[in-house]
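Below is one structure, written out as structure tokens; the observations come after it.
Indexing begins at 1, ligand by ligand and atom by atom, following the structure's order.
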Amino acid sequence: MRADNGKIRQRLKQALHSVRFTVWIYFAIFITSILLLIWISFVVSLEATYRTQKTNDIKTIANYILTQWSAEGFTTDSLDRIAHDNDMCVLIQDRYGLTVYSYDVMAKNCLVHGFMNYDNLYKYRQLAYDSENAIYYAETANPRFDTNMLIFVMLIGTKEDPAGYLFLNTSLEPLDSTVSILRIQMLQVSLSMLILGFGISIFLSRLISTPITRITRSAEKLAQGDYNVKFNGRGYTETEKLADTLNYASNEITKIDTMRRDLMANISHDLRTPLTMVKAYAEMIRDLSGDDPQKREEHLGIIIEESDRLAALVNDIMDLTKLESGAAELNREVFCAGSRLREIMTRYTLLSERDGYKFYLSADEDVWVEADLIKFDQVIYNLINNAVNYSGEEKTVYIMQIVSPKTVEISVTDTGNGIDKELMPLIFDRYYRAEKHKREVIGTGLGLSIVKQIFIMHGIKFGVRSEDGVGSTFWFEMERKDPPAAPDGAKNSGS
Ligand code: ADP
């Protein structure tokens, strides 16, 4: 039960933290705040806006009435219309207080037409007369209906020679029915906006979260070991990029997985072949050739050869594992590249005398480079051995050192068949061996991977140029260094 509760709580927490919910909630908050703002401004400002509007209106109307009144061909009809349209009582008196024009919209319930208004009118006239610009206006309570009225009085003519007075009176209370209609309408609009807004927000949050959810689902599959899963981030640039990156990553994982399988298969195969040979020849010696010294020697030779091959393979595997895992350390030292190359070449004398290989070394200038000496040797041996193995009938290998002001390029060129263009990027891969070479040609298929790892560790630029039927050149470029101070320098020259 408790576990169930925990699970439910976790699910709830996840749901509340989801993109979909977050987007939805923000959007909902946004809509609600906008509606709230509209409502507040409606309630608060309706009143104030109405009041200012009315006050402004009344002044404009007063001026308009006066121009109408003093215009030629004036009829009361036009004044009636103004009064009616503006829901406003109008009264014009002459200088003696006699009514010249009157329009009553409030059935004698206003401040100017009421039965008890004689005093009022007198008072207002006086107030207008006394005021600076001969206008008086004020908000006054209408005692009969407990409502607010706006009274406006204006002297016609001049103070010295008054022609009469204009009285305007309008109710300041917005008409209740109008307001309630407005309220109902606002409520309706608000409700529909709220429903629409929430609907849109649900749709939007879904739209935004869908690609992410889709990618997450694929990622879960990938985590479970389904490397064929494809990521689809359609929707946004960001999710598309994410999906592309994940697709790339899953491709890489697939490659690594395939490589791991191949590696296991290759290692097993490579270990088994020499082991089978060793066993077969050992049995042969035991059963057949034990007494025949010549045959025995021959078979023992094969056993030793195969054991060597086995040892070389195990060494290569160990080397590569160490290099790739980063466990290998570099003992960098400055040495003379030319001397080192000359030294290495002495080891190939036997090969050239016995098997007729020709080696040409051109490294006359002494240039100094910095690297792990043992690994440098390993690289050169690997490249020369490959050149020997794949040099074809001509059996010629060129080792060259091309010196530039800042760098030195060292290259090993053979006169073999070359490497197919499309295979060139692959040959540095672990266990890659071009099909056209027979398996027993030599080598473990790990040599160039080891070379590549060593270059990468040193940060050395490297590459291969190859021409079909002409041969291949493996090159790398090292930075030149200042020679170390003598007498240590002499020792370090590699001789
Ligand atoms: P291997 O033990 O097979 O030589 P490497 O890693 O040294 O393994 O080389 C990988 C593959 O690259 C070789 O099997 C061969 O197909 C190709 N290769 C390497 N060096 C040369 C070369 N000098 N000429 C032609 N092909 C080469």
Side-chain angles (χ1 to χ4, degrees), residues 255 258-259 262-263 265-274 277 305-324 328 341 344-345 348 351-352 355 357-361 375-400 409-457 460 462-476:
K255 262 197 241 162
T258 323
M259 247 160 81
D262 289 356
L263 186 71
N266 279 325
I267 290 179
S268 322
H269 177 264
D270 277 24
L271 290 177
R272 209 177 48 212
T273 318
M277 299 275 274
E305 225 174 75
E306 289 302 322
S307 310
D308 284 346
R309 190 202 272 235
L310 207 57
L313 181 69
V314 172
N315 276 339
D316 276 2
I317 293 171
M318 274 168 63
D319 270 359
L320 191 60
T321 320
K322 236 165 117 189
L323 285 167
E324 285 188 341
L341 290 175
I344 291 171
M345 289 326 294
Y348 285 91
L351 203 62
S352 87
D355 298 333
Y357 282 98
K358 293 189 279 295
F359 296 96
Y360 296 100
L361 170 67
K375 298 206 164 52
F376 178 85
D377 287 1
Q378 207 175 352
V379 165
I380 303 294
Y381 282 126
N382 257 301
L383 294 182
I384 296 180
N385 288 347
N386 271 352
V388 167
N389 292 337
Y390 303 106
S391 71
E393 294 303 306
E394 277 190 46
K395 293 189 169 182
T396 312
V397 178
Y398 301 91
I399 298 100
M400 264 177 282
E409 182 192 288
I410 296 168
S411 61
V412 178
T413 304
D414 63 61
T415 47
N417 288 331
I419 307 159
D420 287 348
K421 275 232 152 25
E422 59 268 29
L423 300 182
M424 291 230 273
L426 301 175
I427 55 166
F428 286 97
D429 285 349
R430 233 193 274 147
Y431 270 115
Y432 179 79
R433 313 187 87 234
E435 290 296 320
K436 60 183 172 186
H437 308 296
K438 278 185 256 140
R439 190 78 196 151
E440 14 346 319
V441 172
I442 7 70
T444 59
L446 293 176
L448 284 182
S449 325
I450 293 174
V451 167
K452 176 181 162 185
Q453 283 303 324
I454 293 175
F455 285 149
I456 291 174
M457 274 182 92
I460 292 174
F462 66 98
V464 55
R465 291 185 287 268
S466 186
E467 209 174 314
D468 214 20
V470 178
S472 319
T473 300
F474 287 79
W475 61 268
F476 59 95

| request: Return yes or no for this condition: an N or O of Phe474 is under 3.5 Å from an N or O of ligand 1. | output: no
| message | Test your reading of the structure: does Asp414 have an N or O sitting under 3.5 Å from an N or O of ligand 1? | response | yes
| said: Check for me whether Lys452 meets the cation-pi criterion with Phe428, that is, NZ or CZ under 6.0 Å from the six-membered ring centre and within 45 degrees of the ring axis. | reply: no
| task | Consider ligand 1: state whether an atom of it lies below 4.0 angstrom from any non-hydrogen atom of Phe428. | result |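 Contact absent.
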| field | Contact check, Gly416 vs ligand 1, heavy-atom distance below 4.0 Å | value |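 It does not, in that no heavy atom of Gly416 comes within the 4.0 Å cut-off of ligand 1.
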| request: Going by heavy-atom distance to atom 26 (N) of ligand 1, choose the closest among Ile419, Val451, Thr473, Leu423. | output: Ile419
| field | Ile460 CD1 to Phe462 CZ distance, which is reported to the nearest 0.5 Å | value | 10.0 Å
| Tyr381 versus Asn386, side-chain donor and acceptor atoms under 3.5 Å | no
| said: Quiz question: by atom type and distance under 3.5 Å, do the side chains of Gln453 and Asp319 form a donor-acceptor pair? | reply: no
| task | Could you walk me through whether Arg272 and Glu306 pass the salt bridge (charged side-chain N to carboxylate O under 4.0 Å, His left out) test, one step at a time? | result | CA-CA 11 Å; Arg272 209 177 48 212; Glu306 289 302 322; over 6 Å; no
| Atoms of ligand 1 close to Ile427 [distance to a heavy atom under 4.0 angstrom, numbered from 1] |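 Those atoms are 10 (C), 12 (O), 17 (C).
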